[in-house]
Peer 1: 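Pasting in a structure now, in structure tokens, and then I'll have a few things to ask.
These numbers come from the heavy atoms of this one structure, side chains and all, not from hydrogens, waters or symmetry mates.
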2 protein chains.
Amino acid sequence: MGATKTEHFTDYQNHIAILAKALGHPARIAIIEYLMKVDACICGDIVNELTLAQPTVSQHLKELKNAGLIKGNIEGNAICYCIDDKSLSKLQAYLANISDSLEKKKNNCC
Amino acid sequence: MGATKTEHFTDYQNHIAILAKALGHPARIAIIEYLMKVDACICGDIVNELTLAQPTVSQHLKELKNAGLIKGNIEGNAICYCIDDKSLSKLQAYLANISDSLEKKKNNCC
DNA sequence: TAATTAGATTGCAATATTACGATAAAGATT
DNA sequence: AATCTTTATCGTAATATTGCAATCTAATTA
């Protein structure tokens, strides 16, 4: 016990959960927002932006990358990170779909 | 160490992260989907729907409620849970905003 | 009122996450 | 080649999450 029982859920449910989970930390939200703000998708001055140690930021970037929410290009010495809109749109579409359905049903209870 | 350093982030970033985190588990995605599927927002046959023990489901429901994603009404003996569209829309709008901005910038790198 | 039913809470074990110092790897610069 | 810069990885401590058996609470029914 302690580990998530992924085998009891569909691939889709697991995938959506992985995307949401990756966004489930304020540092990672801050990283996404920083990548949005900076016009060129500049690299690891993200470390200077956040009040967290470099290894910690690196770990958060890794998790966002594993979830498919960001991409990283090696640019000589540095690494250029940026948002991968495909994964983000997938989650957005999923939530939009639920919102729309709720709109139609309009408070059928509670 | 080990605990999230919430104090280093804005209230908004923390709030979005809390919403995303609550959706960051396949069981909780399955619960949301079940509440969507059932027309009347029927209660704790959610336990029968998921392959998880009753206390585990109860805990997941609690987390969704704490994040503001669902509401629960006492209905005699049973409890009637349903989705709280406000919080869900908030997260949806947040992601939609990012998606839109990305659309405009159109692959400025990577 | 005793038994039943629906859920929540408690306590605990297993595992995951968060954070960071130290260190490693790899390209850039001198 | 030696050094600097940038980022990743390792190791480890602190904390959080996941899952469940056992138990508790409160409304319901017999």
Peer 1: Side chain of A:Thr4, heavy atoms from C-beta onward: which of C:dT9, D:dG19, C:dA6 has the nearest atom to it?
Peer 2: D:dG19

Peer 1: Rounding to an integer number of Å, can you tell me how far A:Leu61 CG sits from D:dT9 P?
Peer 2: 11 Å

Peer 1: Return whichever of B:Leu52 or A:Ala78 has its heavy-atom-nearest nucleotide of DNA chain D closer to the 5' end.
Peer 2: A:Ala78

Peer 1: Whole-Å distance between C:dA16 C1' and A:Lys5 NZ?
Peer 2: 16 Å

Peer 1: What is the distance from CD1 of A:Ile18 to P of C:dT17, rounded to the nearest Å?
Peer 2: 10 Å

Peer 1: Please report the distance, rounded to the nearest Å, between CG in A:Asn14 and P in D:dT18.
Peer 2: 13 Å

Peer 1: Just checking B:Thr56: base, sugar-phosphate only, or nothing, at a heavy-atom cut-off of under 4.0 Å?
Peer 2: base

Peer 1: Determine whether a donor-acceptor pair (one donor, one acceptor, N or O, separation below 3.5 Å) exists between the side chain of A:Gln54 and the base of D:dA8.
Peer 2: yes

Peer 1: What's the closest nucleotide to the side chain of B:Ser58 if the choices are D:dG19, C:dA19, C:dT9?
Peer 2: C:dT9

Peer 1: Rounded to whole Å, please give me the gap between NZ in B:Lys65 and P in C:dT9.
Peer 2: 7 Å

Peer 1: Might you confirm whether atom CG of A:Asn48 has over 12 heavy atoms from other residues, nucleotides or ligands at distances under 6.0 Å?
Peer 2: yes

Peer 1: Report the relative orientation of the aromatic rings in B:His25 and A:Phe9; use parallel for angles under 30°, tilted for 30 to 60°, perpendicular for over 60°.
Peer 2: perpendicular

Peer 1: Atom CD of B:Glu75 to atom P of D:dA26: distance rounded to whole Å?
Peer 2: 19 Å

Peer 1: Can you tell me the distance, in whole Å, between the NE2 atom of A:His60 and the C1' atom of C:dC20?
Peer 2: 11 Å

Peer 1: Quick check for you: among C:dA16, C:dT18, C:dA28, whose closest atom lies nearest to any side-chain atom of A:Glu63?
Peer 2: C:dT18

Peer 1: What does B:Ile74 touch in the nucleic acid at a heavy-atom separation under 4.0 angstrom: a base, only the sugar-phosphate, or nothing?
Peer 2: nothing

Peer 1: Which of these nucleotides, D:dA16, C:dG7, D:dA21, is closest to any side-chain atom of B:Lys21?
Peer 2: D:dA16

Peer 1: Tell me if the side-chain of B:Gln59 makes a donor-acceptor pair with the base of C:dA8, cut-off 3.5 Å, by modelled atom types.
Peer 2: no

Peer 1: Expressed in angstrom and rounded to an integer, what is the separation of A:Leu50 atom CG from C:dA19 atom P?
Peer 2: 10 Å

Peer 1: Taking for each residue the nucleotide of DNA chain C bearing the nearest heavy atom, is the 5' side occupied by A:Ala27 or by B:Lys62?
Peer 2: B:Lys62

